[in-house]
Amino acid sequence: MGEIFLQTKGITKKFGDVVAVNNVDFTVRLGEIQGLIGENGSGKSTISSMICGIHSITSGEIVLKGAPYKPNDPGDARRHGIGMIVQEAGTVDYLTVAENIFLGEEKRFTKFGLLNKAAMEAEADKALKAIGVELDVTRPAAAYNFETRKLMEIAKALYYKPELFIVDETTTALSQDGRDKIHSIMKNLAAEGKAVLFISHDLPELMEICDCLTVLRDGNLIATIEKSEFSEDFIKQKMVGRKIEGNYYRADFDPSHGEQVALRAEGVNAGILKNIDLTVHCGEIVGIGGLSGSGIHELGRLLFGMEKITSGSVTAYSPRQLSRKEKTALYGKRLKNLVAMTGAKIRSLFKKSKAEVPPVQTSLPETQLGEYKIRSIHDALSASIGYISKDRDKETLILQGSIRDNLCISAINELEIFGVVPSASERQFSKDRVEEFRIKCSSINQEVRELSGGNKQKVSFAKWIGNKSRILVFDSPTRGVDVGVKTTMYQLLYDLKQKGYAIVIISEELSELIGMSDRILIMKDGSITKQFERSSTLRDSDIIDYMI
């Protein structure tokens, strides 16, 4: 075993009444890659954030090289030899690449109160090239995609030559090439006698890369498992406290779908996308795969109206919009339902029984379809298209908003009565979604930014499925999600397929695409180059050659 670099002794972190980390003792050694694993909300990111000075410690202590350690902020942690890549976006869009890499450290390049931008940009270029990346460091971070921004963060962390390098879920945001790059970096650091703390939900990845695994559950340390004891089933059981049986994915190999077309792209050109033809049917899961830069993420944005089309068209076929007369009739039914619900609650006060809420029609029959040309986000919303971006925090969720606000904002048309959304309807809708998707939170009023990555993703799912979006475009749907939640999400997607939803899954995880899709479309250089039908014999090796 290597020399001890850092120890936690009984560290506890509370957010209000919620205990995120409970009396945890663990040790980080030099020369080792240590995995930190657990279900969403188990406390992994909270522990790493306390080590890096992002969160303060409620009780307990951290010992660094035998001395008490209380970091004030990430800059303080950096000066003590600790660098971290956070799970979500850690860059500021409007700052340049160079300014992001040296954010908070500008004094390195300041003399007599003047900032030497040329020197800063030269050092930023040097930091990026050290990890094999070449960028224009004078451009704003917003000019680059999510993966490239993660590589900026890696360059920043490694520039300061940390003795402890913490990687929080970063690999799920990277393509295979990016993953290989960071795996190589971690192995090299360990070989140089540095320490690596690696947080991930990808068990095969952890088992391949790590020397040991520390398992957390509900904020408590459950076990530290040495490499000689690694077993996927054993690790899963430690994570969730029970044996997980069966496969994540669909058990059938029937590439089935309904006759009705839900979404169609014809001859579309937009940015890097070239001559895209795509059809998705009701009751079908279409997977989109490819390397980073192939256009897969841009295609997802296009289908949701976020990319400007230069030629061709995207058309959705969804339940048509209500006329004013139909809306008035529907509002009347909702008002009647609200009155009945209120009466039931009043009666329940005297009978001490649960209020019974009568059902109410919330939309037209689904057989009455409308045709929508998708040129904007407004068009996509009108066509009942729901979209989860790979860059979830920036393009799917309002981090400063409450869970309630995030869930209800996409369901206004479902909740309003004569143009007004009753608070009671909002509360009930939010509580139902939190319960249905098992979102771990203190209340529906908790801010989304305080949730774990997996619980943020549950809010993203609930936001669109709860508002009855019939066409779902999900980019990297299980990013940052633990094994238990993945199983639930895959089952949910299959259930939605069986109910006639049209689903597009965009992913760099070939196993996910093979496991869930009726058809897989492979993209390269902005074009769709190959299609694969669902089959029990389809393997990663059959697909990869068409991606490279």
Ignoring hydrogens and angles, tell me if any N or O in the side chain of Gln457 forms a donor-acceptor pair with the backbone of Pro477 under 3.5 Å.
yes

Any side-chain donor near an acceptor of the partner, Arg29 and Gln34, under 3.5 Å:
no

Is a donor on one side and an acceptor on the other found under 3.5 Å between the side chain of Thr8 and the backbone of Val24?
yes

Does this structure show an ion pair linking Glu232 with Lys236, if we count only N-O contacts that are shorter than 4.0 Å?
yes

So, Ser384 side chain and Ser469 main chain: donor-acceptor pair closer than 3.5 Å or not?
no

Nearest-0.5 Å distance, CD of residue Glu32 to CG of residue Leu189:
14.0 Å

Taking atom NZ as the centre, does Lys70 end up with more than 12 heavy-atom neighbours from other residues, nucleotides or ligands that are less than 6.0 angstrom away?
no

Counting C-beta onward and ignoring hydrogens, is there a side-chain heavy-atom pair between Phe304 and Ile377 closer than 4.5 Å?
yes

Is there a donor-acceptor pair under 3.5 Å between the side chain of Gln491 and the backbone N or O of Thr487?
no

Qualifying residue, where the test is side chain to side chain contact (heavy atoms under 4.5 Å, CB included) with Ile51 and the options are Ile57, Ile166, Ile11
Ile166

Please enumerate all residues that pass ring pair (Phe, Tyr, Trp, His ring centres under 6.0 Å) together with His80, with sequence neighbours excluded.
Tyr69

Evaluate the side-chain proximity of Ile101 to Glu153: yes if any heavy-atom separation is below 4.5 Å, no if none is.
no

Give a yes or no on whether the backbone of Glu226 and the side-chain of Glu229 come within a donor-acceptor separation of less than 3.5 Å.
yes

Does any non-hydrogen side-chain atom of Lys394 lie less than 4.5 Å from one of Phe146?
no

Do we see a donor-acceptor contact under 3.5 Å between the side chains of Thr91 and Asn100?
no

Ignoring hydrogens and angles, tell me if any N or O in the side chain of Lys13 forms a donor-acceptor pair with the backbone of Val19 under 3.5 Å.
no

Using the side-chain contact (heavy atoms from CB on, under 4.5 Å) rule, take Leu397 and Val459 through it: C-alpha gap first, then chi angles, then the decisive distance, then the call.
CA-CA 8 Å; Leu397 299 172; Val459 174; 3.9 Å; yes

Could you grab the distance from atom CD1 of Ile403 to atom OG of Ser443, nearest 0.5 Å is fine?
7.0 Å

Distance-only, no hydrogens or angles: does the Arg404 side chain make a donor-acceptor pair with backbone N or O of Arg427 under 3.5 Å?
no

Measure from the side-chain N and O atoms of Asn455 to the backbone N and O of Lys440, and report whether any donor-acceptor pair falls under 3.5 Å.
yes

Validation row: Cys408, Ser430 side chains within 4.5 angstrom (heavy atoms)
yes

Derivation of the salt bridge (Lys or Arg N to Asp or Glu O under 4.0 Å) call for Arg78 and Glu105
CA-CA 11 Å; Arg78 201 158 46 234; Glu105 297 290 337; 3.1 Å; yes

Do the ring planes of Tyr490 and Tyr249 sit parallel (below 30°), tilted (30 to 60°) or perpendicular (above 60°)?
tilted

Indicate yes or no: at least one non-hydrogen side-chain atom of Leu158 is less than 4.5 angstrom from one of Ile154.
yes

Counting only heavy atoms from other residues, nucleotides and ligands, does the tally under 6.0 Å from CD of Gln498 exceed 12?
yes

Mind running side chain to side chain donor-acceptor pair (under 3.5 Å) on Asp168 and Ser45 for me, showing each step along the way?
CA-CA 7 Å; Asp168 187 357; Ser45 294; 2.7 Å; yes

For the residue pair Gln237 / Asp233, report whether a side-chain donor-acceptor contact shorter than 3.5 Å exists.
no

Tell me whether the guanidinium CZ or amine NZ of Arg250 lies under 6.0 angstrom from the six-membered ring centre of Tyr494 and within 45° of its axis.
no

Would you say the side chains of Thr12 and Thr58 form a donor-acceptor pair under 3.5 Å?
no

What verdict does the side-chain contact (heavy atoms from CB on, under 4.5 Å) test give for Leu451 and Cys441, after you've listed the backbone C-alpha separation in whole Å, the side-chain angles of each residue and the deciding distance to 0.1 Å?
CA-CA 7 Å; Leu451 300 179; Cys441 58; 4.0 Å; yes

Using the rule given for salt bridge (Lys or Arg N to Asp or Glu O under 4.0 Å), can you reason through Glu163 versus Lys194, listing the C-alpha separation, both sets of side-chain angles and the distance that settles it, and then say yes or no?
CA-CA 5 Å; Glu163 290 185 80; Lys194 308 292 179 61; over 6 Å; no

Would you mind reporting whether Met306 and Glu298 have side-chain heavy atoms less than 4.5 Å apart?
no

With a 4.5 Å heavy-atom cut-off, do Phe461 and Leu493 have their side chains touching?
yes

Aromatic contact, Tyr387 with Phe474 (centres under 6.0 Å)
no

First locate atom NE2 of His55, then atom OG of Ser48, and finally report the distance between them rounded to the nearest 0.5 Å.
8.5 Å

A cation-pi test, strictly: NZ or CZ of Arg433 under 6.0 Å from the centre of the six-membered ring of Phe429 and no more than 45 degrees from its axis. Yes or no?
yes

Using a 6.0 Å distance limit plus a 45 degree cone around the ring axis, check whether Arg470 lies over the aromatic ring of Tyr501.
yes

Taking C-beta and beyond as the side chain, do Phe198 and Met186 meet within less than 4.5 Å on heavy atoms?
yes

Under a 3.5 Å distance rule, please check whether Ser410 uses its side chain to pair with a backbone N or O of Asn406 as donor and acceptor.
no

Run the salt bridge (Lys or Arg N to Asp or Glu O under 4.0 Å) check on Arg449 and Asp393 step by step: do they pass?
CA-CA 8 Å; Arg449 65 184 176 85; Asp393 284 9; over 6 Å; no

Evaluate Thr478 against Glu512 for side chain to side chain donor-acceptor pair (under 3.5 Å), listing each step before the verdict.
CA-CA 9 Å; Thr478 59; Glu512 182 170 72; 2.5 Å; yes

Indicate whether the side chain of Asp379 and that of Ser376 have a donor and an acceptor atom separated by less than 3.5 Å.
yes

Is a donor on one side and an acceptor on the other found under 3.5 Å between the side chain of Asp211 and the backbone of Ile33?
yes

